[in-house]
Number of protein chains: 2
Amino acid sequence: MFINIDLQSDDPIYTQLKNQIIASIARNEMRPGDGLPSVRRLAADLGINLHTVNKAYQQLKQQGFILIHRQKGVVINPEGIPAADEQYRESLERVLSPLVAESFCKGITEKEFTTLCQKLFGQLTNEGGWR
Amino acid sequence: MFINIDLQSDDPIYTQLKNQIIASIARNEMRPGDGLPSVRRLAADLGINLHTVNKAYQQLKQQGFILIHRQKGVVINPEGIPAADEQYRESLERVLSPLVAESFCKGITEKEFTTLCQKLFGQLTNEGGWR
DNA sequence: TAACTGTTATACTATATATATAACAGTTAT
DNA sequence: ATAACTGTTATATATATAGTATAACAGTTA
């Protein structure tokens, strides 16, 4: 687990935590079935509060990224991450839309934009992957 | 001006306002030189507070989308919107990165993702455009 | 028994969002 | 000149979110 929290960031700590765990999964650094630290352990390691970690874990659980067993602890969903449904695709479009509009106004072309997205996809890997 | 505010949205009102004005420019519905309502006028029309409008205007001004003359009122930047610099491109990448990672985990392919971006670009127009 | 697990509850601080007034200085139209 | 505008600034208040600090509960594991 390589988590880096920036206390000066505009993003809340629990959001940074969520994003970095998702990024670890996307980069195949963490795989389905792998365990995550307990809320107390991770909070202590990062020097933050247990509730902040718990909030991130709860949201990851709700999105199906992790399972939380009272006994076995926290585990990346062994069944794999649930596939995007129509609702997720709509929310993705809602988030992307203002980014595209602003970029367009600032002269960023469709080509440059999609090339950037491709570059970001390229930084992820599915080698020996789970999907 | 077709502004629609959703008080139930997770996005703050001033952000919704900002995004919709930027979207209007991107769709070529509003062009450089066009005037915008005064803070009091727009606030009254939308049924919100003058300071909320002012906050949106100040941020749009800081990004170069609009100019605010004490006398002439508020105008979409007649020189056109400033082109994206390296700093903007970096911030765009920082915002896009977690979206790509999450989408990837949920099985959205690079192709589907870029196709969505292309669709959003396609909804904008540069006919008779200013850039 | 002791040390851990997730979970829940309460309380407190700080910041962000939004509103409500009020006032100031400068235009513009009557 | 007066009245009606303009953006701007200041102050105050209410609410929600973010983060922390403790404490406790029920269950597991060594």
Side-chain angles (χ1 to χ4, degrees), chain A residues 1 3-22 30 33-78 95 98, chain B residues 1 3-22 30 33-78 95 98:
Chain A
M1 291 279 295
I3 303 285
N4 203 339
I5 296 301
D6 176 11
L7 296 176
Q8 312 308 319
S9 170
D10 289 334
D11 292 328
I13 298 177
Y14 71 89
T15 301
Q16 298 180 44
L17 206 45
K18 242 177 63 179
N19 285 342
Q20 291 190 36
I21 290 172
I22 293 174
M30 305 205 74
D34 286 356
L36 275 75
S38 74
V39 289
R40 286 179 178 83
R41 181 72 264 140
L42 187 50
D45 288 351
L46 299 176
I48 60 177
N49 193 274
L50 133 178
H51 294 105
T52 307
V53 175
N54 191 244
K55 185 165 185 178
Y57 276 7
Q58 287 301 323
Q59 295 191 3
L60 287 168
K61 175 175 109 183
Q62 217 234 312
Q63 290 187 260
F65 283 95
I66 62 176
L67 298 184
I68 305 180
H69 297 91
R70 193 107 195 188
Q71 56 274 45
K72 299 187 214 163
V74 183
V75 183
I76 296 181
N77 196 335
V95 175
Chain B
M1 291 277 296
I3 303 285
N4 204 337
I5 297 301
D6 176 11
L7 295 175
Q8 313 307 321
S9 169
D10 290 334
D11 292 327
I13 299 178
Y14 72 88
T15 301
Q16 298 181 45
L17 205 45
K18 243 177 59 178
N19 285 342
Q20 291 190 36
I21 290 172
I22 293 174
M30 305 205 75
D34 286 356
L36 275 76
S38 74
V39 288
R40 285 180 178 85
R41 182 69 269 138
L42 187 50
D45 288 352
L46 299 175
I48 61 177
N49 192 273
L50 132 180
H51 294 105
T52 307
V53 176
N54 192 243
K55 185 165 183 176
Y57 276 7
Q58 287 301 325
Q59 295 192 2
L60 287 168
K61 176 176 107 182
Q62 218 234 310
Q63 290 187 262
F65 283 95
I66 63 176
L67 299 183
I68 305 180
H69 297 90
R70 192 109 196 189
Q71 55 276 43
K72 299 188 214 164
V74 183
V75 183
I76 295 181
N77 196 336
V95 175

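Proteins come first, then strands; the chains are lettered A, B, ... in the order of their sequence lines, and each starts at number 1. Since the model is a prediction, treat every value here as computed from it, not as a measurement.
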Measure all distances between protein nitrogen or oxygen atoms and nitrogen or oxygen atoms of nucleotides 12-19 of chain D, and list the pairs falling under 3.5 Å.
unit_1	atom_1	unit_2	atom_2	d
D/dA18	OP1	A/Y14	OH	2.7
D/dA18	OP2	A/Y14	OH	3.2
D/dA18	OP2	A/K55	NZ	2.8
D/dG19	OP1	A/I13	N	2.6
D/dG19	OP2	A/I13	N	3.3

Taking for each residue the nucleotide of DNA chain D bearing the nearest heavy atom, is the 5' side occupied by B/H51 or by B/S38? B/S38
Base-pair map of DNA chain D as dot-bracket, where | denotes pairing with a different strand and pairs are Watson-Crick or G-U under 3.5 Å: |||||.|||||||||||||||||||.||||
Protein-nucleotide distance (A/N54, atom CG; D/dT22, atom P), rounded to Å: 18 Å
Given C/dT7, is OP1 or OP2 found less than 4.0 Å from the side-chain N or O atoms of A/Q58? yes
List for me each residue that meets side chain to side chain contact (heavy atoms under 4.5 Å, CB included) alongside B/D6, sequence neighbours excluded, and say none if there are none. B/Q8, B/S9, B/Q16
Heavy atoms, side chains only, cut-off 4.5 Å: are A/S38 and A/Y57 in contact? no
Let's test your reading of the model: under 3.5 Å, does the base of D/dT28 pair with the side chain of A/H69 as donor and acceptor? no
Can you check whether A/K55 reaches A/Q58 side chain to side chain, under 4.5 Å on heavy atoms? no
Shortest non-hydrogen contact from B/V75 toward B/G33: CG1-O, 3.2 Å
Take atom CG of B/L67 and atom P of D/dG7, then tell me their distance rounded to the nearest Å. 13 Å
Find the distance B/L50:CG to D/dT8:P and express it as a whole number of Å. 11 Å
Considering residues at least two apart in sequence or located in another chain, which fulfil the side chain to side chain contact (heavy atoms under 4.5 Å, CB included) criterion with B/Q63? A/E102, A/K106, B/K18, B/F65
Contact state string [nucleotides 24-30 of chain C, B base, S sugar-phosphate only, - no protein heavy atom under 4.0 Å]: -B-S---
Please round to the nearest 0.5 Å and tell me the distance separating atom CG of B/N19 and atom OH of B/Y14. 10.5 Å
Do A/N4 and A/L46 have side chains that get closer than 4.5 Å, going by heavy atoms? no
List for me each residue that meets salt bridge (charged side-chain N to carboxylate O under 4.0 Å, His left out) alongside B/D45, sequence neighbours excluded, and say none if there are none. B/R41
Could you grab the distance from atom CG of A/D34 to atom CD1 of A/I66, nearest 0.5 Å is fine? 12.5 Å
A/L42 and side-chain contact (heavy atoms from CB on, under 4.5 Å): which partner among A/T52, A/L36, A/N54, A/V53? A/V53
What is the separation between atom CG on A/L46 and atom C1' on D/dT20, rounded to the nearest whole Å? 15 Å
